[in-house]
Trainee: 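What follows is a single structure, and I will ask about it in a moment.
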Protein chains: 2
Amino acid sequence: MNKNLKRMATMQNMQKTGLELFYTKGYYNTSIDDILKELSLSKGAFYYHFSSKEDFFIEIVQNLLARKVYSLLIEPIEGHENPFELISNCFEEALETAVHNEMDFGFILGNFISEFNGRNPKIMKHLNDVLKIWEVNLVSTLQRGKFNGYIDRHTDSEAVAVFLISSFLGIRTMMVETAPSALKYRFMHQIKVYFKAIEAKKENV
Amino acid sequence: MNKNLKRMATMQNMQKTGLELFYTKGYYNTSIDDILKELSLSKGAFYYHFSSKEDFFIEIVQNLLARKVYSLLIEPIEGHENPFELISNCFEEALETAVHNEMDFGFILGNFISEFNGRNPKIMKHLNDVLKIWEVNLVSTLQRGKFNGYIDRHTDSEAVAVFLISSFLGIRTMMVETAPSALKYRFMHQIKVYFKAIEAKKENV
DNA sequence: ATGTAAACCGACTACCTAGTTTGTTACTAT
DNA sequence: ATAGTAACAAACTAGGTAGTCGGTTTACAT
């Protein structure tokens with residue numbers, strides 16, 4: 001096999017199973033040996049490609065987490081259609097993967113933020129960057145919605161974005177152990193109730 | 001000193017600093033030695049009073065966390081007044097302690113739920129019990145609000161409770177690193193927008 | 001074919017962790 | 001006063017952890 005390809009392959013394998021294990025068992029509760037065992041690789045291989053456990057994790061955040069958040073939570077809401085529908089559908093899909101116990105990257109992000117909060121400033125910076133990107137793009141979508149006459153012009157887009165993200169992170173935390181399907185249904189309904197409150201009023205029909 | 005009193009004192013000291021350290025550094029990232037060092041106590045003392053780290057934590061959840069959640073998040077919303085004001089004021093105070101970087105027990109609960117999710121079913125059961133108590137009492141308050149004519153009678157109280165808790169847990173996660181005061185302000189405003197959407201309509205004034 | 005460097009192996013260090021055990025105080029009932 | 005026991009002290013076990021290092025394989029250029 002081509003050397004460069006092999007290099008890329010092993011690095012990506014490590015990062016992929018690394019993310020899976022960090023996600024399911026937590027960062028501090030997952031050893032590098034756990035990851036290597038899964039791949040039948042050795043310590044030498046790991047420290048040849050990565051300089052430390054911390055740097056390894058940061059590369060995962062940038063290569064996997066950030067990109068997935070972008071493709072699953074940002075791109076889908078970039079259009080000029082009704083922003084309420086764009087966001088609803090996006091959340092709906094993200095929560096549906098959660099119901100099926102698959103990896104939902106918005107949640108993974110929130111989970112890691114909880115784990116590193118006040119414990120590892122360096123990692124937190126990278127996680128906050130990803131969160132910020134999500135927030136900024138949500139604000140853009142909401143501003144577009146105002147411009148296109150969907151959202152009431154008195155609405156504070158930043159506040160709405162924060163509120164949406166926080167409620168999403170929160171519901172995902174709650175969904176893990178108790179009746180995720182029912183929770184999803186209720187949550188999505190209340191999100192729509194909330195949207196109703198900030199939609200543009202048709203004052204003169 | 002009376003022996004029984006001494007026993008109680010040391011146990012409570014251990015639990016108190018135990019909670020503080022578990023909260024700031026995380027459970028898996030805090031060793032028993034860390035806690036004992038803080039109190040100048042020995043392993044012997046710890047294992048004389050508690051059977052394991054896990055049981056120690058569970059006692060903390062029941063003795064400290066559950067009671068604080070009750071006194072800070074449940075009792076304050078038990079009246080027959082306007083439920084929106086009761087809940088708003090309650091959240092307002094909880095988030096204010098968060099701004100001042102003090103221990104906010106609703107958040108501590110959410111934080112621990114994140115940490116033990118899918119990793120320790122026994123501990124998760126106890127944490128979920130506390131969460132459930134909060135949820136049930138929120139539903140009660142909302143039902144009272146419907147009965148007393150504050151909340152629209154078509155409202156799904158369970159869904160609203162879930163939505164409120166999840167958004168609270170989420171905003172707390174976000175508040176830790178970035179401009180907590182501004183986040184609090186925006187969040188509280190959107191909560192009130194949401195409340196407006198489910199308040200009882202005065203159809204015949 | 002052969003030198004060379006990338007990619008990897010696996011034993012090793014130094015340190016940390018939960019839990020055990022044996023020994024020592026200090027209180028307290030008689 | 002003294003025996004008994006509650007409340008602790010501290011050394012120890014057994015297992016795990018991140019990171020290092022000298023050696024081995026594999027691929028590729030010449």
Side-chain angles (χ1 to χ4, degrees), chain A residues 1-61 63 112 115-116 119-123, chain B residues 1-61 63 112 115-116 119-123:
Chain A
M1 198 198 292
N2 184 301
K3 278 221 163 175
N4 212 22
L5 283 181
K6 182 166 193 182
R7 175 191 172 85
M8 300 287 275
T10 51
M11 284 182 77
Q12 281 175 15
N13 279 336
M14 283 182 185
Q15 292 182 27
K16 192 185 167 197
T17 61
L19 178 57
E20 279 171 19
L21 288 182
F22 287 147
Y23 166 61
T24 51
K25 309 205 315 168
Y27 175 84
Y28 292 112
N29 216 14
T30 301
S31 70
I32 294 173
D33 284 322
D34 288 341
I35 299 164
L36 295 169
K37 202 174 176 184
E38 195 97 346
L39 295 166
S40 301
L41 285 170
S42 69
K43 272 277 171 69
F46 181 85
Y47 282 96
Y48 176 74
H49 291 292
F50 305 98
S51 64
S52 72
K53 189 185 180 185
E54 195 181 51
D55 282 1
F56 175 59
F57 184 79
I58 291 173
E59 291 211 24
I60 288 179
V61 170
N63 290 332
F112 284 142
E115 184 164 10
F116 292 108
R119 287 155 210 170
N120 189 319
K122 192 176 173 188
I123 291 184
Chain B
M1 197 198 292
N2 182 303
K3 278 226 163 172
N4 212 22
L5 283 180
K6 181 165 194 181
R7 175 190 173 85
M8 300 286 275
T10 52
M11 285 181 76
Q12 281 175 14
N13 279 336
M14 283 181 184
Q15 291 181 28
K16 193 186 165 199
T17 61
L19 178 57
E20 279 171 19
L21 289 181
F22 286 148
Y23 165 61
T24 51
K25 310 206 315 168
Y27 175 84
Y28 292 113
N29 215 14
T30 302
S31 70
I32 293 172
D33 285 321
D34 289 340
I35 300 164
L36 295 170
K37 202 173 176 183
E38 194 99 346
L39 295 166
S40 300
L41 285 170
S42 69
K43 274 275 171 68
F46 181 86
Y47 283 96
Y48 176 75
H49 291 293
F50 305 98
S51 64
S52 72
K53 188 185 181 186
E54 194 181 52
D55 281 1
F56 175 60
F57 184 80
I58 290 173
E59 290 210 26
I60 287 178
V61 170
N63 290 333
F112 285 142
E115 184 164 11
F116 292 109
R119 287 154 210 172
N120 188 320
K122 192 177 172 188
I123 290 183

Trainee: Decide yes or no on ring pair (Phe, Tyr, Trp, His ring centres under 6.0 Å) for B/F57 and B/F112, but give the supporting numbers first.
Mentor: CA-CA 11 Å; B/F57 184 80; B/F112 285 142; 4.9 Å; yes
Trainee: Each nucleotide in nucleotides 6-17 of chain D should get exactly one letter: B, S or -. Can you fill that in based on protein heavy atoms under 4.0 Å?
Mentor: BBSBB------S
Trainee: From CG of A/N13 over to P of C/dC8, roughly how many Å is that when rounded to an integer?
Mentor: 10 Å
Trainee: Listed in order of residue number, which residues of residues 14-24 of chain A have a non-hydrogen atom at under 4.0 Å from DNA chain C?
Mentor: none
Trainee: State whether A/F46 and A/K53 meet the cation-pi test: NZ (Lys) or CZ (Arg) under 6.0 Å from the six-membered ring centroid, and within 45° of the perpendicular axis.
Mentor: no
Trainee: Within the structure provided, determine whether B/F50 and B/Q15 are in side-chain contact (heavy-atom separation under 4.5 Å).
Mentor: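 Touching, per the 4.5 Å side-chain cut-off.
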Trainee: Hey, mind stepping through A/L36 and A/M14 against side-chain contact (heavy atoms from CB on, under 4.5 Å) and telling me if it holds?
Mentor: CA-CA 8 Å; A/L36 295 169; A/M14 283 182 185; 4.2 Å; yes
Trainee: I need the CZ-P distance between B/F57 and C/dA18, as an integer number of Å.
Mentor: 14 Å
Trainee: Can you see whether A/D34 engages A/T30 through a side-chain donor-acceptor pair at a distance of less than 3.5 angstrom?
Mentor: no
Trainee: Which pair of heavy atoms, one from B/I58 and one from B/I123, lies closest together, and at what distance?
Mentor: CG1-CG1, 4.1 Å
Trainee: Roughly how many Å is it from NZ in B/K37 to C1' in C/dT17, rounded to a whole number?
Mentor: 14 Å
Trainee: Would you kindly give the CD-to-P distance between B/E54 and C/dG19, to the nearest whole Å?
Mentor: 8 Å
Trainee: State, with a plain yes or no, whether a side-chain heavy atom of A/D33 is found less than 4.5 Å away from one of A/K43.
Mentor: yes
Trainee: Parallel, tilted or perpendicular: which fits the ring planes of A/Y27 and A/F22, with parallel below 30° and perpendicular above 60°?
Mentor: tilted
